[in-house]
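These notes concern the structure reproduced below.
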Amino acid sequence: MRALHPYLYGEQPKIKGLIKLNTNENPYPPSPRVLAAVRAAVDGRLRLYPNPTAEPLRKKLARLHGCAPDNIIVGNGSDELLALATRAFAEPSPKPKVQGSNSQWAKSAVQYFTPSYSLYPVLADIHGAVRNPVPLRPDFGLPTVAELRRGKIWNFGAALTFVTTPNAPSGRGYATSELESLCRAQRGVVVLDEAYVDFAGENALALALKFPHVLVARTFSKAYSLCFQRVGYYVGHPALIGALHKIRDSYNVNGLGQVAAEATLDELDHYRANFHKIISTRRWLGGELTKLGFCVFPSRTNFILAQPPRFSARVWLDKLRARRILVRWFGQPEVAAFLRITIGTPGEAEALAEAARKIIGLRRG
Ligand SMILES: Cc1ncc(COP(=O)(O)O)c(C=O)c1O
């Protein structure tokens, strides 16, 4: 316990008037019908336990994705599901082991690319599994299977592999064909973490229905404006899904979260309109920041990763905060030169661009 480090959350300040672009929340509220459904559920039913397997929600999700409810497990946010996969598929390792032909090492290995979602190593450590971080290409592209074989760090027998797709924090998207090649080569369980996929042009859900060792993780948090309610789900083979059902908490998804997620699925057109707004603001902000000398990576998500000019990213973080704009900076060496900026409303994006102009000295103030 003394050696563990908790996950570092993005700041959630309660300061009025702050423009919050640090935790990839959706700037648009849930649809009025979703809010009405949640309000209507706040009555005497709160004394009852919710549906233990989120069955009505699983049935609706199964219809949406053209699969069976047995292909789906719902979690208290996708974070819970990532933790469940770690517990279900990787063996705790009694002491650190060296990679090589050691099959015991592979059984305990939780493997992921760097940079990607910073929760994966935390989950591996909590479980006492071994971490296997493997660098992405310098442009955050996915190495090919041949490159991974040559690199000799990647383990094709790793018990569990997490792939953030599109990637966070770079925002880079991956083609389903490259993900398929990777899944095909992998012998352990692969989780394709598609938390941001609604802002990309392509998704890899079909791989979870094609391969028995692949799970796709989705969340209602980002594209569906429901972080507060904590609802995520996996799609995958009933054998993997069944294993996860065995080890989850009995009532892992709260009742209001289930109600909100079900109502959301009746309102997909409302949310699709929001995706388009966010994508168009992303394009605008990327263009503005590029004009100001930022190096902006192409993004398929609701955030952009950008290397700022003049000052270090760490200094920009403070300078923006002094102007009441919160963005995210990560200290890991691969991304320490960048800021991760959530795409807000057009007004918030304009405020950020204006603050950047002033920090650079193009405008007074
Ligand atoms: C890549 C990735 N996966 C999963 C999550 C967790 O989302 P949820 O709110 O569903 O737990 C996040 C949240 O930031 C994320 O960035």
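Start at 1 and go down the list; that is how both ligands and their atoms are numbered. Just so you know, residue 1 is the first one in the sequence shown, and it goes up from there.
A side-chain N or O of Y120 and one of D193 form a donor-acceptor pair less than 3.5 Å apart. For D79 and Y7, the side-chain atoms include no donor-acceptor pair closer than 3.5 Å. Using a 3.5 Å distance cut-off with no hydrogens or angles, the side chains of Q186 and W154 do pair a donor with an acceptor.
A salt bridge between E288 and R357 is present, with a side-chain N of the basic residue lying under 4.0 Å from a carboxylate O of the acidic one.
F228 has its ring centre no less than 6.0 Å from the ring centre of F220.
Every protein residue with a heavy atom nearer than 4.0 Å to ligand 1 is included here: G77, S78, D79, Y117, T164, D193, A195, Y196, T219, S221, K222, R230.
The hydrophobic cluster containing Y251, built from Ile/Leu/Val/Met/Phe/Trp/Tyr side-chain heavy atoms closer than 4.5 Å, also comprises Y49.
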